[in-house]
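To find a chain, count down the sequence lines: A is the first, B the second, and so on, and within it residues start at 1.
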Amino acid sequence: MLTIYDSAARAKREFNPIRPGQVGIYVCGMTVYDRCHIGHARVLVVFDMVVRYLKERGFSVDYIRNITDIDDKIIQRAAENAETIESLTNRFIDLMHRDAEALGCLPPSAEPRATESVETMIEMIDTLLERGNAYRADNGDVYFDVSTFERYGVLSGRDPEDLRAGARVAVDEVKDDPLDFVLWKHAKPGEPQWDAPFGPGRPGWHIECSAMSTEALGTTFDIHGGGADLMFPHHENEIAQSECATGCHFVNYWMHNGFVRIDDEKMSKSLGNFFTIEDVTQRYHPEVVRLFILSSHYRSPLNYSDQNLDAAQASLSRWYSALKKVPANVEPIPEVMDAFHEAMDDDFNTPKAIALIHEQLHHIHKVGEDDNQAAAPHAASVNAMGAILNIGQLDPDVFLHWSAEGEREDTLDDADINQMIAQRAEARASGNFAESDRIRDELLENGVTLEDGPHGTTWRRQ
RNA sequence: GGCUGGAUGGCAGAGUGGCUAUGCACCGGAUUGCAAAUCCGUUCACCCCGGUUCGACUCCGGGUCCAGCCUCCA
């Protein structure tokens with residue numbers, strides 16, 4: 001039985017999709033005005049893991065991840081760069097796709113862009129105006145009237161009265177109520193605009209997700225995901241808009257992933273304490289980053305540090321070293337797979353699932369090369385579990401020989417290394433250990449570690 | 001101030017009313033020409049105060065501290 005922690009219920013709930021065997025999941029994606037950072041990497045990897053596991057459980061999955069390609073920051077950044085909005089957003093969409101692929105994430109079933117769904121947003125806003133859930137302000141903006149939606153605040157556990165009392169809600173002259181949020185921003189010179197019955201302009205942020213999710217998955221769908229910071233106000237507003245516009249219950253399960261932190265502080269653009277995915281994957285193999293992300297539970301905070309990345313790297317080295325030793329040409333061990341599924345069924349408990357993989361790796365190392373036959377089922381189990389998480393699927397040597405891009409110029413290439421290993425073998429054969437140790441030290445200085453085994457010497461950079 | 005969530009061994013990170021998490025690091029041993037890797041073994045833990053219980057890190061109450069949200073944010 002698969003259980004998912006539903007943010008709205010604040011509890012784990014048994015997962016039952018609307019249509020048997022099928023899951024519709026919508027995840028709030030990126031606003032494309034800059035490079036993706038490790039926080040974005042977490043959303044990408046976490047929901048990729050969720051989707052892969054749902055598929056493993058036999059569901060056919062409709063995975064929708066939107067792209068916000070029109071908003072204040074995009075307009076501003078394009079103006080700063082003196083480039084068109086399209087060229088800016090296309091550039092960062094390409095980079096995002098590169099990052100996602102590097103991190104081993106499958107492309108979503110669909111990746112709608114806000115600018116392609118403006119018609120649907122206009123229709124939705126029109127309906128909200130007709131039904132009295134929205135109003136036109138004096139300046140031409142259209143706002144959602146929060147007082148018309150009774151359940152407002154239910155997702156994030158907020159009382160509208162408390163919010164109004166809070167000093168931090170910005171007071172805006174044109175709004176009837178400080179909680180009201182913008183659906184449509186009136187046209188301003190030099191900004192992109194669309195014609196609408198209620199005046200030319202561009203959509204507010206929240207309406208795009210209501211429009212795109214409903215377009216792709218229908219008025220009610222199974223899972224809606226995103227970062228924990230989107231719960232309020234973004235997802236709260238989505239619920240209000242969607243349920244008022246369609247009259248249907250919006251989402252059955254809300255999933256929110258925790259933040260990436262640096263020095264116990266949230267990583268964010270505004271704090272400026274972020275590392276881009278590209279920064280990190282130049283220093284660590286992307287699969288190390290994926291393992292690092294999945295080695296803590298998706299709802300927990302994840303502390304970014306070199307020490308933690310190093311630990312993930314050491315772990316993965318051990319993983320590939322084990323796989324390198326033995327063939328996995330048999331079936332996985334049923335009890336192990338059952339335990340794995342049990343862990344994953346429990347709200348995607350990847351740390352526990354990974355611990356199970358480590359146990360199997362231990363068995364492989366223990367049996368070692370002496371008894372391939374005994375080790376093979378463990379290797380097969382590791383491969384099967386790893387396939388579900390999409391970790392450990394590379395050729396071991398591709399991982400173990402990988403070198404960080406930043407260091408590539410300084411390091412020896414594979415041919416140099418093999419040649420030096422051959423020279424060292426000669427020295428060792430003739431008992432010249434001083435020379436052989438000198439070669440080994442030289443390699444180590446270049447980041448290459450040697451391992452002498454019964455069948456010769458192997459090397460790795462990880 | 002309001003609302004969420006959290007506090008586990010040197011670090012990371014699961015979990016359970018009584019029984020080894022797991023990985024990294026450390027220490028001792030095996031192995032090795034010496035290493036590395038691997039194996040064996042040892043050490044190290046559940047924020048504080050009460051309560052329930054034969055027994056609580058695990059349940060309940062109170063407290064302290066931390067993070068996030070309340071403004072754009074994955």
Donor-acceptor pair present, A:D437 side chain and B:G33 base, under 3.5 Å: yes
Base, sugar-phosphate or nothing for A:L450? Non-hydrogen atoms, less than 4.0 Å. base
For atom CG of A:D71 and atom C1' of B:A74, their distance in whole Å: 14 Å
First encountered from the 5' end of RNA chain B, between A:M231 and A:F433: A:M231
Tell me, please, which residues at least two apart from A:E426 pass side chain to side chain donor-acceptor pair (under 3.5 Å). none
Comparing A:G157 and A:R424 on RNA chain B - which has the more 5′ nearest nucleotide: A:G157
A:K266 side chain near B:C69 phosphate (N/O to OP1/OP2, under 4.0 Å): yes
Residues which pass side chain to side chain contact (heavy atoms under 4.5 Å, CB included) with A:E101, listed by chain and number, not counting sequence neighbours: none
So what does A:D452 hit on the nucleic acid, given a heavy-atom distance under 4.0 Å: a base, only sugar-phosphate, or nothing? base
Axial cation check for A:Y33 ring with A:K269, 6.0 Å and 45° limits: yes
Scan A:R42 against the nucleic acid and name what it touches under 4.0 Å (heavy atoms): base, sugar-phosphate only, or nothing. nothing
Which of parallel (below 30°), tilted (30 to 60°) and perpendicular (above 60°) describes A:F250 and A:W254? tilted
Under 4.0 Å protein heavy-atom contacts per nucleotide of nucleotides 21-26 of chain B, with B for base, S for backbone only and - for none: BSSS--
Integer-rounded Å distance: B:G68 C1' and A:L302 CG: 15 Å
Does A:R158 qualify as a cation-pi partner of A:F232, given the criterion of NZ or CZ under 6.0 Å from the six-membered ring centre and within 45 degrees of its axis? yes
For A:G29, which contact category applies under a 4.0 Å heavy-atom criterion: base, sugar-phosphate, or nothing? sugar-phosphate
Can you see whether A:Y5 has A:K12 sitting over its ring - NZ or CZ less than 6.0 Å from the centre and within 45° of the normal? no
List the residues meeting salt bridge (Lys or Arg N to Asp or Glu O under 4.0 Å) with A:D177, not counting sequence neighbours, and say none if there are none. A:R164
With no angle test and no hydrogens, is the base of B:C73 tied to the side chain of A:K269 by a donor-acceptor pair under 3.5 Å? no
Measure up the A:F181 and A:F144 rings against each other and bin them: parallel (under 30°), tilted (30 to 60°), perpendicular (over 60°). parallel
Could you state the CG-P distance from A:L400 to B:U38, rounded to the nearest angstrom? 11 Å
How close or far is atom C1' of B:A37 from atom NE2 of A:H455, stated in whole angstroms? 14 Å
Less than 3.5 Å between a donor and an acceptor, one on the side chain of A:R440 and one on the base of B:A35, is that the case here? yes
Under 3.5 Å, is there a donor-acceptor pair linking the side chains of A:N237 and A:Y152? yes
Using a cut-off of 4.0 Å on non-hydrogen atoms, how would the nucleic acid contact of A:V260 be classed: base, sugar-phosphate, or nothing? base
Flag as yes if A:F259 stacks onto the base of B:A74 (centroids under 5.5 Å, planes under 30°), otherwise no. no
Counting any heavy atom closer than 4.0 Å, what does A:G226 reach on the DNA or RNA strands: base, sugar-phosphate only, or nothing? sugar-phosphate
Please report the distance, rounded to the nearest Å, between CG in A:D229 and C1' in B:C72. 10 Å
Is the phosphate of B:A14, meaning OP1 or OP2, less than 4.0 Å from a side-chain N or O of A:S300? yes
Stems where RNA chain B pairs, listed by first number, each of three or more Watson-Crick or G-U pairs under 3.5 Å: B:1-7 with B:64-70, B:10-12 with B:22-24, B:27-30 with B:38-41, B:47-51 with B:59-63
State which residues pass ring pair (Phe, Tyr, Trp, His ring centres under 6.0 Å) with A:H97; sequence neighbours excluded, sorted by chain then number. none
Spell out yes or no: do the side chain of A:R10 and the base of B:G5 have one donor N/O and one acceptor N/O closer than 3.5 Å? no
